Amino acid sequence: MIVQDIVEKLGLKVCSGANGLNREIEGGYTSDLLSDVMGNADENHVWVTLQTHKNIMAIASLKELAAIVLVKGYEPEADAAEQSNEEGIPILSSEEEAFELTGKLYEIINQAK
Amino acid sequence: MEFKFAIEGGNFSKAGSASSEVKKILKQLNVNPKIIKRTVVSLYEAEVNVVAHAFEGNMNVDIDTDKIVVKIEDKGPGIPDIDQAMQEGYSTASPQVREMGFGAGMGLPNIKRNSDQMNITSKVDVGTELEIINYFG
């Protein structure tokens, strides 16, 4: 399963990093605490959060995450979007809240396994 | 091999850049990916601590054939009670820093979990020195 698959299945908006839509997804993590994500998310995970500032890209890059999905229609700040484009790690956006979105992602990713 | 990176206190837009450089070097050296991952987590947390709490700092990296030794020194407020600071959930971060999702009191515990050796010394109103050692074998 790749990032493009969840974009299509969940109708997500691609805010930035479209050059990384073919990145492989193997799981996910939902949290708004950066150290929690740093300590517990893993490579090729999709990260669900409401944080929109540039540091989310530092985490995504260091952890080699597949993509970030912002909830409740949030959009990345300009410098976060810029780094997302540079690194080819997509930032996506969903109109849904974290609970609903995480539930759907969990189902889709597990079905694909 | 020795490398030195400057860390600016308060500049969150650059937080993680030193850790990212070290990650690139370790990848080029073909270090075991599991050890790179552990090292990156501990260095990022250490870097963010300097950005969030100190005025300025340095990350000094010494890579040997069998290990990486990183010393992060800062000029800043120091830590009055290191045992307390090591407790999961304890933080002195400002409300603004917490709103960004930092300051959850998970930084130092994350460093401890992701390093083979961690040594920390601090002087109040002077600064903090943190040493992280990870073995490649």
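These numbers come from a predicted model, not from an experiment.
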Taking the side chain as everything from C-beta on, heavy atoms only, tell me whether [X] gets closer than 4.5 Å to [Y].
X: A:Leu33; Y: B:Phe102; answer: no
X: B:Met106; Y: A:Leu34; answer: no
X: A:Met38; Y: B:Val40; answer: yes

Does atom [atom1] of [X] have more than 12 heavy-atom neighbours, drawn from other residues, nucleotides or ligands, at distances under 6.0 Å?
X: A:Tyr106; atom1: OH; value: no
X: A:Glu43; atom1: CD; value: yes
X: A:Glu107; atom1: CD; value: no

A:Glu64 and B:Lys37 ion-paired at < 4.0 Å: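 Looking at A:Glu64 and B:Lys37, the cut-off is not met.
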
Against chain B, label A:Asp36 side chain, backbone, both or neither, depending on which of its atoms sit under 4.5 Å from a heavy atom there.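 Both backbone and side chain.
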
Side-chain heavy atoms under 4.5 angstrom apart, residues restricted to Ile, Leu, Val, Met, Phe, Trp, Tyr: same cluster for [X] and [Y]?
X: B:Leu29; Y: B:Val22; value: yes
X: A:Phe99; Y: A:Ile6; value: no
X: A:Ile2; Y: A:Val46; value: no
X: B:Tyr135; Y: B:Ile36; value: no
X: B:Phe55; Y: B:Val51; value: no

Heavy-atom pairs under 4.5 Å with chain A are the metric here; pick the option from B:Gly101, B:Gly16, B:Ser17 that has the most. B:Gly101

Is it the side chain or the backbone of B:Lys24 that comes within 4.5 Å of chain A heavy atoms, both, or neither? neither

Can you name the residues of residues 59-91 of chain B that have some heavy atom under 4.5 Å away from a heavy atom in chain A? none

Any residues in residues 112-133 of chain B near chain A, with a heavy-atom distance under 4.5 Å, and which are they? none

Relative to chain B, which of A:Met57, A:Lys54, A:Gln51 shows the most heavy atom pairs under 4.5 Å? A:Gln51

Distance (rounded to the nearest 0.5 Å) between A:Ser35 OG and B:Ile111 CD1: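 Here the rounded value is 8.5 Å.
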
Look up atom CE in B:Met100 and atom OG1 in A:Thr52, then write down how far apart they are to the nearest 0.5 Å.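 Interatomic distance, B:Met100 CE to A:Thr52 OG1, rounded to 0.5 Å: 9.0 Å.
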
Would a distance-only check, ignoring hydrogens and angles, find a side-chain to backbone donor-acceptor pair under 3.5 Å from B:Lys23 to A:Leu62?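 It does hold such a pair.
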
